[in-house]
Structures are given as C-alpha cells and as structure tokens.
Amino acid sequence: MNTRIQRIIFWCLFGCIVAMAALLIFHRQHFRNSVASLAEDTPLDAPTASTEPITLLLANDADGAVTAANRQIALPQEATARVRSLLDHLNNEYALPGSTHPLPPGAMVDDVFLLPLPIVGHTDNASATSTSPAGPGNSPPSTLVASTDPAALQPLSPGGELAVVNLRSSFVNQHPSGVEVESLTLLSIVGTLHANVPQIEQVRFLVDGQPRETLAGHADLLRTYPSRDTSIAAASPSEKKK
C-alpha cells in the first residue's frame with residue numbers, strides 16, 4: 001500500500017516538474033521573440049525615405065593620401081544623428097576586406113554635438129563647454145576671453161559651427177598605432193565633415209565623453225582641427241613629412 005502511494009506521489013511530482021520545465025521554455029522563447037521584435041522595430045536613427053549622394057574622404061595607407069569617393073547613402077534628417085551616421089558609414093568602408101586603411105569594425109562615434117561659433121572662453125575649456133548642446137538653458141559665458149589661437153574660436157562665415165565628435169573607446173583602443181595611420185584617420189573624419197556639412201568649421205574630439213591626449217599614442221586629440229579640404233592637404237609633401 002505504501003509503495004503504491006509513493007509511486008503516485010512520484011509520478012505526480014514528475015508530472016509537475018515536466019510541466020514547469022515546459023512552461024519555463026515557453027516563457028523563455030516568448031521573451032526572446034519579444035526582444036528580437038523590439039530590436040527590429042526600433043530604428044537606430046530617424047528613418048529616411050531615400051538615399052542621397054555624399055562624399056567620403058577615404059585614406060590610403062600606401063601613399064599617405066586622402067581622396068574623395070562618392071556614395072549613395074540614406075541618412076537621418078536630424079543634424080547630429082546625420083553626422084554620427086555619416087562617420088559610421090565612413091568607418092564601415094575601412095572595415096571592408098581589402099580596405100586601403102584597415103580599421104576595426106563597429107561604431108566609431110558615440111555622440112556628436114554641434115555648437116554655434118564663436119565659442120567664448122579659453123581653447124582648453126572648449127571641451128568642457130561642448131559636452132552639452134547649445135540651447136536656451138545652456139548659454140555660453142558672457143565675457144569674451146582672448147585666445148592664443150584666434151582662428152580656433154571665431155567663425156569664418158555666419159552660421160559656422162564647432163563639431164565635438166565623441167569617439168567610442170572600443171574604436172580608439174583598437175585603432176592601429178602610428179603617426180601616419182592615426183593622422184590619416186583624423187584627416188579622413190575632418191575632411192568627410194567638411195565635404196558634407198560645410199557649416200562645420202572646426203572639429204574637436206572626446207573619447208567616451210572625456211578629453212584624451214592621443215588617438216593611439218601619436219595623433220593629437222586635444223587640439224581643435226579646422227575643417228578643410230583634406231584631399232588637397234594630404235597630397236602635399238609638407239603634410240606627409242609631419
């Protein structure tokens with residue numbers, strides 16, 4: 001009699017275990033499907049209706065030049081998302097097999113801030129000022145402070161902007177080290193911004209929201225870079241010697 005009761009209890013417990021296991025598997029699959037659906041339905045940037053012509057300034061390690069290449073790419077309409085997407089497309093080109101300037105795959109940029117010029121204050125304080133986008137609640141200081149680099153603070157034309165490019169540490173930490181390869185990356189970024197967003201006159205860099213001395217041990221990330229046609233600058237012998 002006791003043996004029969006024990007068998008009944010055993011099979012009841014076994015049935016409960018099987019039912020709980022099936023329930024857990026069902027809920028796990030349902031959760032995974034929900035996460036996948038959310039990832040597919042949530043766009044990284046604002047959607048665009050069609051592609052548009054853009055110009056990427058692509059570096060070539062073989063000859064130390066940066067040359068223009070035309071592409072058809074869909075970009076978001078919002079200004080900062082547009083610049084971020086533009087730079088990520090640039091890095092995608094460098095991650096392709098056979099790239100003339102091989103760089104690690106993945107997103108290059110975490111954030112981009114566009115600030116109207118002039119930026120008031122010392123050049124050394126520009127990175128601290130530029131970590132928040134300009135707006136009604138983020139007014140610059142009212143006192144103009146002289147700078148040792150006047151061109152770094154004043155716009156060349158009305159509507160000129162400073163772009164603060166916040167690079168990802170995952171990109172920076174894997175970037176190849178060397179004077180030329182690091183300089184070419186920065187020239188490529190600055191040149192691509194110049195070609196596609198002409199109101200950007202100056203570019204500064206952060207890494208994970210903080211100032212960093214160099215890209216990978218050589219190229220200076222603390223200075224303000226003037227926006228310019230880097231395809232011409234990179235081809236000049238004097239630039240190659242630097």
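Computed over heavy atoms, backbone and side chain alike; hydrogens, waters and symmetry mates excluded.
The closest side-chain heavy-atom distance from Leu75 to His89 is below 4.5 Å. Looking at His218 and Ser177, their side chains come closer than 4.5 Å, going by heavy atoms from C-beta outward. Ile73 has its side chain out of reach of Glu52: every pair of non-hydrogen atoms, C-beta onward, lies at least 4.5 Å apart. A 4.5 Å side-chain heavy-atom check between His194 and Val203 finds every atom pair outside the cut-off. No side-chain heavy atom of Leu23 sits less than 4.5 Å from a side-chain heavy atom of Ile25. In this structure the side chain of Val197 never reaches within 4.5 angstrom of the side chain of Thr192, judged on heavy atoms. Side-chain atoms of Asp220 and Tyr225, non-hydrogen and from C-beta on, do get closer than 4.5 Å to each other. Taking 4.5 Å as the limit, every side-chain heavy atom of Val66 sits out of range of all side-chain heavy atoms of Leu58.
Of the residues Asp88, Val109, Leu103, the one that meets the side chain to side chain contact (heavy atoms under 4.5 Å, CB included) test with Phe171 is Leu103.
Closest non-hydrogen pair, Val190 versus Ser227, comes out as CG1-CA, 3.8 Å. The minimum heavy-atom distance linking Ala163 with Ile200 is given by the pair CB-CG2, 3.7 Å. A pairwise comparison of heavy atoms in Leu57 and Ala195 identifies CD2-CB, 3.8 Å as the closest pair. Heavy-atom minimum distance, Pro176 versus Pro102: CG-O, 3.9 Å. The heavy-atom pair separating Pro76 from Ala81 by the smallest distance is CG-O, 3.8 Å. Taking both residues in full, the closest heavy atoms of Leu184 and Ala65 are given as CD2-O, 4.1 Å, listed atom of the first, atom of the second, then distance.
A distance-only check finds no donor-acceptor pair linking the side chain of Asp61 to the backbone of Val181 [under 3.5 Å]. The backbone N or O of Thr55 lies less than 3.5 Å from no partner atom in the side chain of Asn70, so there is not a single donor-acceptor pair. Side chain of Asn166 to backbone of Asp110: no donor-acceptor contact under 3.5 angstrom is found. In this structure a side-chain-to-backbone donor-acceptor pair under 3.5 Å is missing from Asn173 to Arg168. Ser99 places no side-chain N or O within donor-acceptor distance of the main-chain N or O of Ala95, the cut-off being under 3.5 Å.
A distance of 10.0 Å separates CG in Leu90 from CZ in Arg71, rounded to the nearest 0.5 Å. Atom CG of Leu167 and atom CG of Leu206 lie 8.0 Å apart (nearest 0.5 Å). Once rounded to the nearest 0.5 Å, the distance linking CD1 of Ile189 with CG of Leu56 reads 12.0 Å. We find the OG1-CE distance between Thr185 and Met108 to be 7.0 Å, quoted to the nearest 0.5 Å. To the nearest 0.5 Å, the span separating CG on Leu221 from CG on Leu186 amounts to 6.0 Å. Atoms OG and CD, from Ser169 and Gln174 in turn, are 9.5 Å apart once rounded to the nearest 0.5 Å.
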For a side-chain contact (heavy atoms from CB on, under 4.5 Å) check, start with the C-alpha distance between Gln202 and Leu117, then their side-chain angles and the critical distance, and finish with the verdict. CA-CA 9 Å; Gln202 300 163 27; Leu117 293 170; 3.5 Å; yes
Give the intermediate values and the outcome of side-chain contact (heavy atoms from CB on, under 4.5 Å) for residues Arg212 and Val172. CA-CA 10 Å; Arg212 180 159 169 161; Val172 173; 3.4 Å; yes
Before giving the answer on side-chain contact (heavy atoms from CB on, under 4.5 Å), spell out for Glu201 and Glu161 the whole-Å C-alpha distance, their side-chain angles and the decisive distance to 0.1 Å. CA-CA 6 Å; Glu201 296 184 0; Glu161 294 181 331; over 6 Å; no
Please determine whether side-chain contact (heavy atoms from CB on, under 4.5 Å) holds for the pair Leu222 and Thr214, giving the CA-CA distance in whole Å, both sets of side-chain angles, and the decisive distance to 0.1 Å. CA-CA 7 Å; Leu222 295 180; Thr214 64; over 6 Å; no
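Cluster membership check: Ile5 shares its hydrophobic cluster with Leu13, using side-chain heavy-atom separations under 4.5 Å among Ile, Leu, Val, Met, Phe, Trp and Tyr.
A side-chain N or O of Tyr94 and one of Ser188 form a donor-acceptor pair less than 3.5 Å apart. Judged purely by distance below 3.5 Å, without hydrogens or angles, the side chains of Thr80 and Glu78 pair a donor atom with an acceptor atom.
Note on ring orientation: taking the six-membered ring where Trp is involved, the planes of Phe14 and Trp11 are perpendicular (angle over 60°, cut-offs 30° and 60°).
Using a cutoff of 4.0 Å between basic side-chain nitrogens and carboxylate oxygens, Glu213 and Arg223 are not scored as salt-bridged.
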